[in-house]
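Some notes on the structure that comes next.
Only this structure's heavy atoms are used, side chains among them; waters, hydrogens and symmetry mates stay out.
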Protein chains: 2
Amino acid sequence: MPLSYTSKTENSQAENINIQLSGVEDSYRFAVSVDCVIFGYSEKQSLQVLLLACNMAPYDGLWGLLGDLLHPDENLDEAPLRILRERAGLTDVYYEQVQTFGRVDRHPIGRVVSTAFYSLVQISSIPLSSSSKNRVRWFNIDELHQLAFDHQEIIETCLARLRRRLRESPLGFNLLPQKFSLPQLQTLYEVALDITVDKRNFRRKIKSLEILEELDEYQSDVGHRPGRLYRFRQDRYEKLRRRGLKFEL
Amino acid sequence: MPLSYTSKTENSQAENINIQLSGVEDSYRFAVSVDCVIFGYSEKQSLQVLLLACNMAPYDGLWGLLGDLLHPDENLDEAPLRILRERAGLTDVYYEQVQTFGRVDRHPIGRVVSTAFYSLVQISSIPLSSSSKNRVRWFNIDELHQLAFDHQEIIETCLARLRRRLRESPLGFNLLPQKFSLPQLQTLYEVALDITVDKRNFRRKIKSLEILEELDEYQSDVGHRPGRLYRFRQDRYEKLRRRGLKFEL
DNA sequence: CCAAAAGTGTTGTTACTACACCCATGG
DNA sequence: CCATGGGTGTAGTAACAACACTTTTGG
C-alpha cells in the first residue's frame with residue numbers, strides 16, 4: 001500500500017516514524033482552514049462575537065466565523081494575523097490557538113480540517129463601515145441561533161477556553177480601552193464569567209497584584225460620580241509572573 | 001484566481017465565509033498528521049515518553065513521536081485510537097488533543113500539519129515485546145536529546161499541558177495501577193510536577209475530596225511497612241464536579 | 001435635592017503551612 | 001533488632017467572604 005516519495009527521501013520502508021507514506025494522491029488531499037473567534041465586549045451587554053454572513057451552500061443566509069484557508073506558504077500560527085487584517089481590518093490583537101476541528105463531515109465541499117483561534121478586541125476598534133456593512137455583525141454570545149458549519153461548537157470551545165484564561169491571566173484588559181475604571185473591569189469579569197463579585201473584595205484583590213497604574217484621570221459624562229481611571233501595566237505583570245505568583249480572578 | 005467547485009455549491013463569488021475557494025489543486029494539498037505524546041510513569045524515575053526510532057531522512061537514527069497521517073475517512077479526534085492501537089498495542093487509554101503544529105518547514109517532504117495529542121498509560125501495560133523491540137523505547141522526559149522533526153517542541157507543549165491538567169483534574173490516576181497507596185500517588189505528583197509536598201497535608205487534602213475508595217488491601221513485598229491501597233472512583237469525582245468544586249492539586 | 005454609581009475597613013471563617021514521633025514489615 | 005518508609009494531629013498564619021455607609025457627579 002505505501003508508496004515511496006520521489007522527493008527529498010529515498011525511504012521506501014514506510015511504516016516508519018510519524019508518517020505513513022501512502023502517496024501524494026492519498027495523503028495530500030486535505031485543506032486546512034483557520035477560523036477566528038473574535039470576542040468583543042461592550043459595557044452592560046455580554047460578551048460578543050463577530051460573525052460574517054455565509055453565502056456558501058448549504059449554509060446560505062447563516063452566520064459563521066471569519067476564516068480562510070491556510071496558504072501553502074503560511075505558518076499556521078501566523079494565519080490569524082492575515083485573516084484578522086484582511087477580513088476585519090484588525091491589527092495588533094491578542095490571539096491564541098485553541099483547538100483543531102476535524103470531523104470527516106464538517107465541511108460540505110471536502111475534507112477540511114480547521115484550526116480555531118480566539119482573539120480579543122475592543123468593539124470600538126473595529127471599523128464596521130464600508131463594504132462589509134451587512135455582511136459582518138456583532139452577536140451576543142447567548143443569542144447565537146443556528147450557525148454555519150460546526151461553528152457553534154467551535155465558539156463554545158473557544159468561549160470555555162477564554163473563560164478559563166480570564167480567571168488565571170490578565171487577559172481581560174484586551175477587551176477594555178487602555179484607560180478604564182475598576183468598576184468597568186469588575187463588570188467585565190462579572191459579565192464574561194457570569195458571576196457576581198463583591199466590590200470591595202474585588203478592588204482589594206486586583207490592587208494587591210500591583211499590575212495597574214493609577215492615573216490622575218477620571219471618567220466624565222457619566223450620570224454619577226466618575227470613577228478613577230487605571231491602566232494595565234504589562235511589565236508589572238511580567239515581574240509578578242517571574243516571581244511564580246499566580247493571577248487568579 | 002478563485003475557481004468554483006462543481007460539487008454541492010454554485011458559489012463563484014469566493015471572498016465569502018470561511019473558505020476562499022481557490023481550487024482543489026491549490027487548497028487540498030495539505031497532509032494532516034497526528035502525533036501522540038504517550039506519557040508513562042514508573043516509580044522513582046520521572047515521567048517518561050514513548051518514542052519510536054525514525055528511519056526517514058533527514059532524521060534517520062533520531063527518535064520521534066508515534067504518529068501517522070490522518071486517514072481521509074477518519075475523524076481527527078479519533079485518529080489517536082487507531083494509532084495507539086496499531087503502533088503501541090494500546091486500548092482504553094486517556095488522551096486529549098493539545099495543539100496543532102503547522103510551521104511551513106516543519107516536515108521535509110511537504111506541507112504537513114500535525115495535531116498533537118497526549119495520552120497517559122501505565123508503563124507496565126505496554127507490550128514492548130515482539131517485533132518493535134529496538135524501535136520503541138521509553139525515555140525519561142529530561143533525557144531527550146535531539147529528536148526528529150519538531151517533536152521536541154511538541155513534547156514540551158504537551159508536558160506543559162499535562163502538568164496543568166494534573167493540578168486541576170484527577171488525571172494522575174491514569175498513570176498508576178488501579179490499586180495504589182497514598183505515598184505512591186504523592187510521589188507521582190512530586191515527580192511529575194517537580195515539587196515536594198508535605199505528607200500529612202497531602203493526605204488530608206486528597207482524602208477530603210472523597211474521590212478515593214479505601215480498600216482492605218495492602219502492599220506486599222515492600223521492604224517496610226506496607227501501605228494501604230486505594231482506588232480512584234470516577235463516579236465520586238463526577239459528583240464533586242457537579243457541585244462546582246474544584247480539584248486543585 | 002435626588003438618583004446613581006464610586007469608593008472605603010473590619011471581622012469571622014476557612015484553607016494552607018509547618019512540624020516530629022510511633023508503627024509495621026522484610027531481611 | 002535494624003532499616004525503611006507508612007501513618008497520624010495540632011497550632012499559627014494567610015487568604016477569602018460577608019457586610020453598610022459616605023462621597024461625588026449629572027440632571
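Taking only side-chain nitrogens and oxygens, B:Arg203 comes nearer than 4.0 Å to OP1 or OP2 of D:dT8. The shortest distance between the side-chain N/O atoms of A:Lys205 and the OP1/OP2 oxygens of D:dC16 is below 4.0 Å.
First and last contacts of DNA chain C with chain B, using any nucleotide atom under 4.0 Å from a protein heavy atom and ordered 5' to 3', fall at C:dC16 to C:dG26.
Considering every non-hydrogen atom in both B:Asp198 and B:Gln186, the closest pair reads C-NE2, 4.2 Å. The shortest non-hydrogen separation linking A:Gly64 to A:His151 is CA-ND1, 3.5 Å.
Between A:Tyr237 and A:Phe232, the angle of the ring planes lies from 30° to 60°, which puts this pair in the tilted group.
Residue contacts for B:Gly223: at a heavy-atom cut-off of 4.0 Å it reaches a base atom on one of the strands shown. When heavy atoms are screened at a 4.0 angstrom cut-off, B:Arg228 is found touching the sugar-phosphate backbone but no base atom.
In this entry the distance linking CG of B:Asp198 with C1' of D:dA11 reads 14 Å, nearest Å. Look at CZ on A:Phe202: it is 15 Å from C1' on D:dC16, rounded to the nearest Å. In this entry the distance linking CD of A:Glu248 with P of D:dC16 reads 8 Å, nearest Å.
Minimum atom distance to the side chain of A:Arg200 is reached by D:dC19, of the listed D:dG6, D:dT8, D:dC19.
Map A:Leu182 and B:Val222 each onto its nearest nucleotide of DNA chain C; the residue landing nearer the 5' end is A:Leu182. Comparing B:Lys199 and A:Asn201, the nucleotide of DNA chain D nearest to each residue sits closer to the 5' end for B:Lys199. DNA chain D is contacted by both A:Arg204 and A:Asp221; A:Arg204 maps to the nucleotide lying nearer its 5′ end (nearest heavy atom per residue).
Applying the ring-ring contact (aromatic ring centres under 6.0 Å, His included) definition to pairs two or more places apart or across chains, none involves residues 181-231 of chain B.
At least one test fails for A:Arg103 against the ring of A:Phe101: distance under 6.0 Å to the centre or angle within 45° of the axis.
You won't find any donor-acceptor pair under 3.5 Å spanning the side chain of A:Arg225 and the base of D:dT22, going by distance alone.
Between A:Glu96 and A:Tyr118, the side chains place a donor N or O and an acceptor N or O closer than 3.5 Å (distance only, hydrogens not considered).
With A:Phe117 as the fixed residue, the side-chain contact (heavy atoms from CB on, under 4.5 Å) test singles out one of A:Asp77, A:Asp35, A:Ile83, A:Ile154: A:Asp77.
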